[in-house]
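Okay, so here's the structure we're looking at.
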Amino acid sequence: MSPERSVPDKPSLEGLEARWGEEWEREGTYRFDRTKTRDQIYSVDTPPPTVSGSLHVGHVFSFTHTDTIVRYQRMRGRECFYPMGWDDNGVPTERRVENFYGVRCDPSLPYDPDFRPPAEPPKGNRRDDLVRCSRRNFIDLCFGLTAEDEQAFEELWRHLGLSVDWSLTYTTINDQSRRASQRAFLHNLARGEAYQSEAPTLWDVRFEMAVSQAELEDREQPGAYHQVAFGRDGGDPLVIDTTRPELIPACVALVAHPDDERYQPFFETQVRTPLFGVPVPVKAHRLADPEKGTGIAMICTFGDTTDVTWWRELDLPVRAVVGRNGRLLPDAPHEFTDEATDLYESELAGKTLFSAKERIVELLGEAGALRGEPRKITHPVKFYEKGDKPLEIVTSRQWYIRNGGREDDLRQALIARGKELDWHPGYMRARYEDWIEGLNGDWLISRQRYFGVPIPVWYGVGPDGEVDHDTVLVPDEDALPVDPTSEAPPGFDEGQRGQPGGFVGEADIMDTWATSSLTPQIVGGWVDDDDLFQRVFPMDLRPQGHDIIRTWLFSTVVRSHFEHDTAPWRHAAVSGWILDPDRKKMSKSKGNVVTPMAILDQYGSDAVRYWSANGRPGTDTALDEGQMKVGRRLAIKVLNVSKFVLKLGDTPPPPDARITHPVDRAMIARLATLVDQATSAFEGYDYARALERTESFFWWFCDDHVELVKGRAYGNEDAAGDAAGSDSARAALEEALGVLLRLLAPILPYATEEAWSWWREGSIHRAPWPDPTEVVMDAGDGDPLVTEVASAVLSEVRKAKTEAGVSLRADVESVVVRDTPERLAALARAADDVQDAAKAASVSTEDDDTFSVSVVLAPVAEG
RNA sequence: GGGCGCUUAGCUCAGCUGGCUAGAGCACCUCCCUUACAAGGAGGGGGUCGGGGGUUCGAGUCCCUCAGCGCCCACCA
């Protein structure tokens with residue numbers, strides 16, 4: 001303890017963020033000490049926010065939760081490995097660059113060292129208006145823009161007071177990430193966990209790329225049922241119901257349920273598709289629902305995932321008409337007659353699916369194949385979560401990583417990994433298990449995009465000049481990261497690219513989750529710093545939102561299971577969402593997004609953190625500026641009560657001052673209980689409960705305890721204010737203040753650090769967390785009943801004064817307390833303090849079963 | 001259709017393993033410039049703890065059931 005005290009006359013929250021932010025940086029308060037051993041370290045697999053715009057209040061909310069946990073662990077003496085990452089890799093960045101600069105990547109263009117994006121992005125959102133540039137130019141723009149964004153993000157996080165070690169920052173596109181990502185992929189490939197396959201896949205026609213199951217979302221879309229007749233030689237037509245008449249040229253069969261008596265006579269007979277006259281069989285399959293539409297459906301290649309199942313299980317041919325750009329293919333399927341081909345190519349080829357549908361409905365009408373009017377409906381349609389056009393299904397060669405979607409053994413093993421984690425809150429594990437149970441395929445990781453980690457393989461080119469995808473060429477691990485589109489594989493040179501007997505590079509990049517599923521490895525030094533990796537992995541904590549359990553959390557477990565045969569962390573803390581005050585999910589399109597810097601400036605970081613920490617783990621929470629006001633009031637109170645306690649008397653209480661007075665000892669006993677509760681709450685990752693307990697004690701401490709002992713602490717003559725009584729009061733106040741500041745430090749890092757700095761050496765954030773046994777040793781045998789009854793009496797006196805409309809300072813002639821003998825005995829031990837705090841001339845007691853207090857105010861002196 | 005969560009004061013929410021007249025903050029009303037704090041402080045009104053049933057000496061708290069809300073997943077001809 002420093003004898004020097006500098007307590008300001010008028011404490012203020014203004015400017016604390018800037019001042020302490022600089023001080024913490026200068027002192028390296030949050031710098032990770034890598035000489036510590038694994039058991040001394042607490043490591044965090046921080047979620048890297050997507051750098052494609054701005055952080056929102058939801059980020060502030062959840063990152064604050066993690067920060068409170070980390071700060072607690074640090075005060076418990078753990079060395080915290082708390083890095084920050086930026087997820088700049090992937091589609092969101094590409095789309096932001098396209099919009100920001102008005103450019104798009106055209107991989108066929110050569111690199112132009114003098115390329116400049118247009119001064120003004122083109123108006124509107126037509127992709128054809130975007131200026132085309134080479135892949136390398138495009139990637140340069142991605143790097144440039146993300147670097148700017150990342151700087152702004154860091155400023156916000158520093159202002160919020162995240163206790164991150166900023167020297168540990170990574171990005172998901174940097175060399176370290178690309179090396180880790182490619183290395184892990186190569187290991188997966190070598191062990192047979194990664195494989196390529198040519199198959200129908202979900203396809204986004206806007207981005208022209210494949211997407212995985214984890215990236216899907218349903219959106220309600222308008223549509224219409226059309227009843228369409230399929231002609232039958234020598235009989236009545238069969239009528240199907242479809243929402244996608246534009247796929248009739250892709251029809252390969254009709255299907256009904258095997259038990260459906262209406263259609264049983266037609267199974268394995270042929271019908272003809274309307275307009276095109278292609279003969280297709282009628283099939284039976286259990287997935288056909290007799291209740292839907294007319295009970296018989298057309299199977300197209302491919303309208304939806306059920307089509308894919310039918311196509312596979314019924315062994316049907318492919319008759320594709322949808323191109324990768326979302327337009328109908330220029331050429332009609334081979335099986336079409338000349339007449340059908342003419343019709344297709346003159347009326348439909350090249351049309352978007354939307355206009356093809358309009359035209360084909362007209363044609364069906366003219367041909368008399370349409371029964372009745374289309375019936376409008378709205379129905380859920382699958383979208384890529386970041387896309388704006390419905391997904392189509394096209395056949396393509398893609399890379400996959402096994403994830404249990406096809407193998408029960410692996411599925412069970414991954415569920416078991418989930419059970420190794422402590423989930424906060426516990427019920428979040430169900431979402432993880434549900435997701436795994438519902439997987440219907442392996443993880444599709446290849447993306448036909450540019451700004452991401454390349455899939456690090458090449459393929460051999462045969463003597464005939466044909467690419468042989470079965471001949472997979474891989475790089476040496478120490479050559480990573482590689483770009484197969486600009487570097488040659490081992491044993492080849494660039495001149496052999498695309499040549500017979502040479503090679504071609506894989507042009508696809510990996511799904512962004514294929515890289516971010518390796519964040520523990522990336523930041524932990526897996527590729528080039530094994531010493532660090534051994535100290536931090538498996539990590540202690542993965543904090544994240546519940547919306548990405550199926551993506552980020554799950555994929556990280558998959559990679560760690562394969563690579564390290566372990567769960568990647570011990571704890572998973574799952575945060576809720578921020579809702580706007582109407583309890584709608586916040587979103588930019590609704591215009592209800594509040595910018596974080598504005599509220600941090602308005603209320604102060606501690607206040608916003610207070611609001612965040614009030615959100616229970618995993619619970620969706622409404623944005624509530626009222627709570628920020630409360631937080632601000634709490635932070636100001638922390639400063640004021642600290643000032644009061646530290647400025648009592650001209651000199652600090654003597655170091656050997658004993659806490660002797662029953663009121664002080666009672667307070668300390670309650671404090672010990674509080675420390676116990678706050679500690680076990682934090683141990684259970686329940687920062688909100690820790691805060692609630694501490695806050696509640698804190699206000700009682702300020703409102704009741706301080707008022708009770710104030711007179712004695714001042715050394716007032718009429719308050720039995722001998723030196724020992726005063727020393728006891730002041731020593732207890734200082735002890736409690738020191739404990740309370742530390743209990744609040746994880747939530748309110750600025751106000752507590754400020755107050756701590758007035759009388760203590762070093763940062764509060766490196767000070768030891770209060771130890772309940774230590775507090776008990778000081779005065780833990782105090783009787784809480786003493787202060788409980790005293791508080792109750794004081795409260796009654798205040799009530800009497802308030803109701804009489806007089807000042808709380810007003811003199812009281814007499815106070816009569818009626819209560820049980822036990823409670824009156826406790827009160828007697830606090831009599832001097834109660835009398836002084838009440839400004840009462842006398843306090844007397846009477847035995848009674850129920851507690852009551854009579855207050856007689858002194859006559860008000862005139863003047 | 002399956003899973004999970006929620007339903008406590010006008011609003012936002014605490015009430016952990018069942019235990020004294022159900023709490024906090026905001027909002028509302030009243031009073032008080034008191035030497036820590038007026039961008040304060042002290043008090044007050046306001047709740048059949050979603051409905052019903054059960055276990056128990058005792059249920060907001062445990063069990064069953066119904067209803068509503070939300071999220072996740074499946075289906076989506």
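Keep in mind the model is a prediction, meaning the values are calculated, not measured. Here is the naming used below: chain letters follow the sequence lines, and residue numbers restart at 1 for every chain. Scope of the values below: all heavy atoms of this structure, side chains included, with no hydrogens, waters or symmetry mates.
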Does [X] make a side-chain N or O approach to OP1 or OP2 of [N] shorter than 4.0 Å?
X        : N     : value
A:Gln213 : B:C73 : no
A:Arg798 : B:G43 : yes
A:Ser807 : B:C33 : no
A:Arg693 : B:A24 : no
A:Arg633 : B:C26 : yes
A:Lys799 : B:U30 : no
A:Ser696 : B:G23 : no

Gap in Å between the two [atom1] atoms, one belonging to [N] and one to [M], rounded:
N     : M     : atom1 : answer
B:G40 : B:C33 : C1'   : 9 Å
B:G47 : B:C11 : C1'   : 14 Å
B:G50 : B:C6  : P     : 12 Å
B:C16 : B:U30 : C1'   : 37 Å
B:A67 : B:A9  : P     : 23 Å
B:G68 : B:G51 : C1'   : 11 Å
B:C66 : B:C73 : P     : 26 Å
B:U55 : B:A14 : P     : 31 Å

Show the atom names and distances, to 0.1 Å, of all donor-acceptor pairs under 3.5 Å that link a side chain in residues 369-379 of chain A to residues at least two apart or in another chain.
from: A:Arg375; atom 1: NH1; to: A:Asp241; atom 2: OD1; distance (Å): 3.2
from: A:Arg375; atom 1: NH2; to: A:Asp241; atom 2: OD2; distance (Å): 3.2

Fit a plane to each ring of [X] and [Y], take the angle between them on a 0 to 90° scale, and name the class: parallel (under 30°), tilted (30 to 60°) or perpendicular (over 60°).
X        : Y        : value
A:Trp577 : A:His546 : perpendicular
A:Trp310 : A:His285 : perpendicular
A:His705 : A:Phe701 : parallel

Rounded interatomic separation in angstrom, taking [atom1] from [X] and [atom2] from [N]:
X        : N     : atom1 : atom2 : result
A:Leu439 : B:C72 : CG    : P     : 17 Å
A:Glu385 : B:C73 : CD    : P     : 10 Å
A:Glu437 : B:G2  : CD    : P     : 16 Å
A:Leu794 : B:U34 : CG    : P     : 18 Å
A:Lys801 : B:A42 : NZ    : C1'   : 11 Å
A:Asp218 : B:C76 : CG    : P     : 11 Å
A:Leu247 : B:C76 : CG    : C1'   : 15 Å
A:Asn614 : B:C13 : CG    : C1'   : 8 Å

Per [X] side chain, nearest of listed nucleotides [options]:
X        : options             : value
A:Gln627 : B:G25, B:C76, B:U34 : B:G25
A:Glu803 : B:G2, B:G44, B:U34  : B:G44
A:Arg689 : B:G3, B:C16, B:A38  : B:C16
A:Glu692 : B:G43, B:A14, B:C76 : B:A14

Show me the donor-acceptor pairs within less than 3.5 Å that the side chains of residues 288-297 of chain A make with the rest of the protein, sequence neighbours left out.
from: A:Asp289; atom 1: OD1; to: A:Glu291; atom 2: N; distance (Å): 2.8
from: A:Thr294; atom 1: OG1; to: A:Val239; atom 2: O; distance (Å): 2.7
from: A:Thr294; atom 1: OG1; to: A:Ile296; atom 2: O; distance (Å): 3.4

Hey, does [X] reach any base, or is it just sugar-phosphate, or nothing, if we go heavy atoms under 4.0 Å?
X        : answer
A:Ile636 : nothing
A:Glu433 : nothing
A:Gly293 : nothing
A:Asp304 : sugar-phosphate
A:Val630 : sugar-phosphate
A:Lys637 : base
A:Ala804 : nothing
A:Lys382 : base
A:Lys292 : base
A:Thr294 : nothing

### Query
Between the side chains of A:Thr242 and A:His226, does any donor sit under 3.5 Å from an acceptor?
no
### Task
Kindly indicate whether the side chain of A:Asp547 and the base of B:C71 share any N or O donor-acceptor pair separated by less than 3.5 Å?
no
### Summary
Applying the Watson-Crick and G-U criteria (both distances under 3.5 angstrom) with [ ] for crossing and | for other-strand pairs, one obtains for RNA chain B (((((((..((((.....[...)))).(((((.......))))).....(((((..]....))))))))))))....
### Query
Of the non-hydrogen atoms in A:Cys300 and A:Leu247, which two are nearest, and what is the gap between them?
SG-O, 3.5 Å
### Task
Check step by step if salt bridge (charged side-chain N to carboxylate O under 4.0 Å, His left out) holds for A:Glu217 and A:Lys382.
CA-CA 6 Å; A:Glu217 70 179 29; A:Lys382 282 196 193 311; over 6 Å; no
